[in-house]
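Shown next, in structure tokens, is the structure this report addresses.
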Amino acid sequence: MPKRVTRKSFHYYFVLDGDSLKPIEKFAIKREYDNLYEYFIVDDSKLRGKPIIELSFIGSGYLSAREYTIDDFTENGDPDYSKGKEVNVLDFCDKFDLSREDEREYKEFKTTYIPMIREIKDYTDKMNIEIIFAGYQKKIIKETIEYDCPIGCLVQHGRFSGCFNSVKGLIYQLWVLKLIFEAINVTQFVHFVSIIDNKIDNKPYIRLEQGKPVPAAQVLTPYDGATFWYEFQLYENLMRPDIIFVRGIINQFDDPQKLLNYIYNRSIIIECKAGNYDNWKREVREQIRYYRQIYKPKYLVLTSLKPSPRIRDADETFSPLQPGSKEVERFKEYIRDVFIRL
């Protein structure tokens, strides 16, 4: 029997068993390893007649899917590209063989997070802006936002939950950011040139990358301009607030200490919690106190997707802040009021 090789570094292989998409390792009779790859030895006869789906990660996300048969694989385990056929990756979003707990999380994603994604996309279309995901975010969320499907997590058999929690947290942060834009009546996104992104068009954008002093967005409002940062971090090992923004357009952010001095007593920090209260209640007071000590915000607000008590160390708590809740309008009114008073 020839050796069948799957390279988990860039390509994920699944077997379509009826209506269930199962990872190839479930059919392995033996595993081998080298410094780069994990190899699965399979019994050809068990896979004959079953489509083998290759989901390929190309730079910024899971962009393609091809269907093969077991006979399309060469002796060294690679598929013969010419024998495969391109298929729509989105056709498989609801076919992954998930554990009961993962299935529960995916159901919550569809009922809670897809409405957020659609609100985000409606807003970016309305304002004629785009979202640029950089660094870690680029790999796990770009396709989720674009296609309403967390394909980058679904392919990670055995590591789904950790990836999914990251994606849900990012979506919630972005949705809360969208609420802030609406609250302060943003009229225009300012196009700022970022060499990092190599943008050559004039379309303004929101740039999401953890731990950078480069703004996520600069906007104009009826009250004044505003500059926003996403998971702001000036020095290594500093905790990163989810969202921090100030009144005014800040164009010099290459000197960390000057920037920090500027935002002292002039900023609003928003800390976003997407998980259950029990998962973050032990850390939140220390987190808020740290933000006050390092960043000295004028206002510090906590939002929780799920029910939580009022966090007394925060200036205000909004819970549950989610699509359709009464807290949405209360949050917007509060943000608008404190922004005007900055």
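Being a predicted model, the structure only gives us computed values, none of them experimental. Worth knowing before you read on, the calculation uses all heavy atoms, side chains too, and leaves out hydrogens, waters and symmetry mates.
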Is the shortest side-chain heavy-atom distance between [X] and [Y] below 4.5 Å?
X      : Y      : result
Phe133 : Leu170 : no
Tyr291 : Leu300 : yes
Trp229 : Ile250 : yes
Ile145 : Ile171 : yes
Arg247 : Arg266 : no
Ile180 : Ile243 : yes
Thr69  : Pro51  : no

Centroid separation [X] to [Y] less than 6.0 Å:
X      : Y      : value
Tyr295 : Tyr290 : no
Phe109 : Phe164 : yes
Phe14  : Phe96  : yes

Point to revise | Derivation of the side-chain hydrogen bond (donor to acceptor under 3.5 Å, both in side chains) call for Asp94 and Tyr106 | key: CA-CA 9 Å; Asp94 293 328; Tyr106 187 37; 3.1 Å; yes
So, are [X] and [Y] salt-bridged, with charged N and O less than 4.0 Å apart?
X      : Y      : value
Glu146 : Lys121 : no
Arg118 : Asp122 : no
Arg100 : Glu103 : no
Lys110 : Asp148 : no
Glu271 : Arg240 : no
Glu67  : Lys83  : no
Glu182 : Arg336 : no
Lys26  : Asp17  : no
Lys178 : Glu119 : yes
Lys273 : Asp242 : no
Lys107 : Asp102 : no

Exercise for review: Determine, step by step, whether Phe228 and Phe181 satisfy the ring-ring contact (aromatic ring centres under 6.0 Å, His included) criterion, reporting the C-alpha distance in whole Å, the side-chain angles of both residues, the deciding distance to 0.1 Å, and the verdict.
Suggested key: CA-CA 10 Å; Phe228 287 78; Phe181 293 149; 5.0 Å; yes
Determine whether more than 12 heavy atoms belonging to other residues, nucleotides or ligands lie under 6.0 Å from atom [atom1] of [X].
X      : atom1 : answer
Asp278 : CG    : yes
Glu286 : CD    : no
Arg310 : CZ    : yes

Check your understanding: After noting the C-alpha distance and the side-chain angles of Glu54 and Tyr13, does the key distance pass the side-chain hydrogen bond (donor to acceptor under 3.5 Å, both in side chains) rule?
Key -> CA-CA 5 Å; Glu54 178 192 63; Tyr13 293 90; 2.7 Å; yes
Practice item. Could you check Leu321, Thr303, Thr317 and say which one makes a side chain to side chain contact (heavy atoms under 4.5 Å, CB included) with Glu327? Key: Leu321
Practice item. Just do the salt bridge (Lys or Arg N to Asp or Glu O under 4.0 Å) check on Glu231 and Lys212 with the steps written out, would you? Key: CA-CA 8 Å; Glu231 296 212 8; Lys212 299 294 182 182; over 6 Å; no
Review point. Would Tyr230 and Gln173 count as a side-chain hydrogen bond (donor to acceptor under 3.5 Å, both in side chains) if you check the C-alpha gap in whole Å, the side-chain angles of each, and the deciding distance to 0.1 Å?
Key: CA-CA 9 Å; Tyr230 168 78; Gln173 290 169 341; 2.8 Å; yes
Check your understanding: If you take all heavy atoms of Val42 and Phe27, which pair is closest and at what distance?
Key ->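 Closest pair (atom of Val42, atom of Phe27, distance): CG1-O, 3.9 Å.
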Point to revise | Stepwise salt bridge (Lys or Arg N to Asp or Glu O under 4.0 Å) test for Glu333 and Arg330 | key: CA-CA 5 Å; Glu333 289 174 7; Arg330 190 173 81 86; over 6 Å; no
Exercise for review: Could you tell me how the ring of Tyr277 sits relative to the ring of Trp280: parallel (under 30°), tilted (30 to 60°) or perpendicular (over 60°)?
Suggested key: perpendicular
